[in-house]
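Notes to accompany the following structure.
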Amino acid sequence: MAKYIKEVLITKEEIDQMCRRLGAQISRDYEDREIILIGVLKGAYAFMADLARYITVPLKVDFMSVSSYGSGTKTSGVVRINKDLDTDITGKHIIVVEDIVDSGLTLKHLRELLTTRNPASVALCTAFDKPERRRVEVDVDYVGMKIPDEFIVGYGLDFDGKYRNLPEVSILGDDRDLKDDKQGGNQ
């Protein structure tokens, strides 16, 4: 895997500081209220687990699985729900936790969908934000870090299902190398 990593963009220590900051902010904002964290699978699993450890108000967790990528590095523009919530969110304060906001399509779609289920409030939280890539406007309530327009992997983020297990966030190398590798039968 390491041969395709161009450089480490965000270290484990920086990720931990980001999670602490966001956890404290969410805890202040929701003091005396219970929240439901809704993780967007698969990418948000690492971030949501770390974030939850730093939130001091009562919380529950649930997950949704949505896709807009397929096996490439660019969004398809179509958001598809693969797994819906198991929890009734009527009257609840929910925070949708996402790994990265890129085009904005996924979070905009999820906010609109979840709002129809009559929660008390819907907030959006992302570990990483690429504002230059927006295709639709979406207001994100909690942003971990703004990042450059690079294809990143690690800390839950993947390329074709791989690299999620890397403990830091790294920039993926030139995708010509990836295509050459796939064509070389190394998959």
Side-chain angles (χ1 to χ4, degrees), residues 15-71 75-131 133-147 152 154-158 160-161 164-165 169:
I15 290 169
D16 186 62
Q17 290 171 2
M18 172 190 76
C19 291
R20 283 179 191 270
R21 176 180 51 82
L22 289 173
Q25 185 180 357
I26 289 169
S27 297
R28 282 190 306 272
D29 291 351
Y30 288 89
E31 188 176 0
D32 299 324
R33 291 182 277 176
E34 182 179 282
I35 58 175
I36 300 174
L37 297 181
I38 298 174
V40 181
L41 296 172
K42 298 177 182 168
Y45 78 93
F47 172 52
M48 187 165 127
D50 288 346
L51 176 65
R53 289 195 243 325
Y54 292 115
I55 294 175
T56 59
V57 299
L59 66 82
K60 294 180 180 177
V61 298
D62 202 346
F63 296 92
M64 294 184 80
S65 176
V66 301
S67 64
S68 66
Y69 276 87
S71 64
T75 182
S76 67
V78 176
V79 178
R80 188 179 74 213
I81 305 258
N82 300 321
K83 181 216 174 291
D84 208 339
L85 296 174
D86 296 324
T87 306
D88 179 7
I89 61 170
T90 303
K92 308 290 185 188
H93 297 283
I94 63 170
I95 301 175
V96 178
V97 180
E98 179 68 289
D99 54 355
I100 188 166
V101 180
D102 192 338
S103 68
L105 292 167
T106 301
L107 277 184
K108 182 178 189 315
H109 177 80
L110 285 177
R111 177 176 261 164
E112 290 170 356
L113 172 69
L114 295 172
T115 298
T116 67
R117 299 179 185 182
N118 302 312
S121 65
V122 177
L124 304 177
C125 177
T126 189
F128 310 109
D129 185 15
K130 286 187 190 178
R133 306 258 314 162
R134 284 298 182 283
R135 290 175 53 187
V136 296
E137 192 171 320
V138 59
D139 292 321
V140 182
D141 304 277
Y142 303 100
V143 175
M145 296 181 189
K146 289 188 179 178
I147 59 169
I152 60 172
Y155 195 61
L157 296 142
D158 75 304
D160 202 20
R164 291 186 197 278
N165 59 313
V169 175

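The main-chain N or O of Thr56 is found under 3.5 Å from a side-chain atom of Ser27 such that the two form a donor-acceptor pair. When atom types are taken as modelled, the side chain of Asp62 and the backbone of Asp86 share a donor-acceptor pair closer than 3.5 angstrom. In this structure a side-chain-to-backbone donor-acceptor pair under 3.5 Å is missing from Lys146 to Pro131. At distances below 3.5 Å, not a single donor-acceptor pair connects side-chain atoms of Asp50 with backbone N or O atoms of Cys19.
Atom CZ of Phe47 is separated from atom CG of Leu37 by 9.5 Å, given to the nearest 0.5 angstrom. Rounding to the nearest 0.5 Å gives a distance of 5.0 Å between CZ of Arg135 and CG of Leu105.
Arg21 meets the salt bridge (charged side-chain N to carboxylate O under 4.0 Å, His left out) test with no other residue; sequence neighbours excluded. Every residue two or more places apart in sequence or in another chain that forms a side-chain hydrogen bond (donor to acceptor under 3.5 Å, both in side chains) with Thr90 is listed here: Asp88. When the side chain to side chain contact (heavy atoms under 4.5 Å, CB included) test is applied to Arg117, the partners found at least two apart in sequence or on another chain are Asp84, Leu85, Ile89, Leu113, Leu114. In this view, Arg33 satisfies the salt bridge (charged side-chain N to carboxylate O under 4.0 Å, His left out) rule with no residue, not counting sequence neighbours. Listed by chain and number, the residues in a side-chain hydrogen bond (donor to acceptor under 3.5 Å, both in side chains) with Thr115 amount to none (sequence neighbours excluded). For Ala123, the side chain to side chain contact (heavy atoms under 4.5 Å, CB included) test picks out Tyr30, Ile95, Asp141, Tyr142, with sequence neighbours left out.
The heavy-atom pair separating Leu22 from Cys125 by the smallest distance is CD1-SG, 4.4 Å.
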Next item on the list: Check the pair Glu98 / Leu124 against side chain to side chain contact (heavy atoms under 4.5 Å, CB included), numbers first and verdict last.
Entry: CA-CA 8 Å; Glu98 179 68 289; Leu124 304 177; over 6 Å; no
Margin query: Is there a side chain to side chain contact (heavy atoms under 4.5 Å, CB included) between Arg28 and Gln25? Walk through the geometry before answering.
Written below: CA-CA 5 Å; Arg28 282 190 306 272; Gln25 185 180 357; 3.7 Å; yes
Next item on the list: Just do the side chain to side chain contact (heavy atoms under 4.5 Å, CB included) check on Arg134 and Asp129 with the steps written out, would you?
Entry: CA-CA 10 Å; Arg134 284 298 182 283; Asp129 185 15; 2.5 Å; yes
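Within the 4.5 Å cutoff, the side chain of Ile81 has heavy atoms near those of the Leu110 side chain.
Counted within 6.0 Å of NZ on Lys108, heavy atoms from surrounding residues, nucleotides or ligands total 12 or fewer; the atom is thus considered open.
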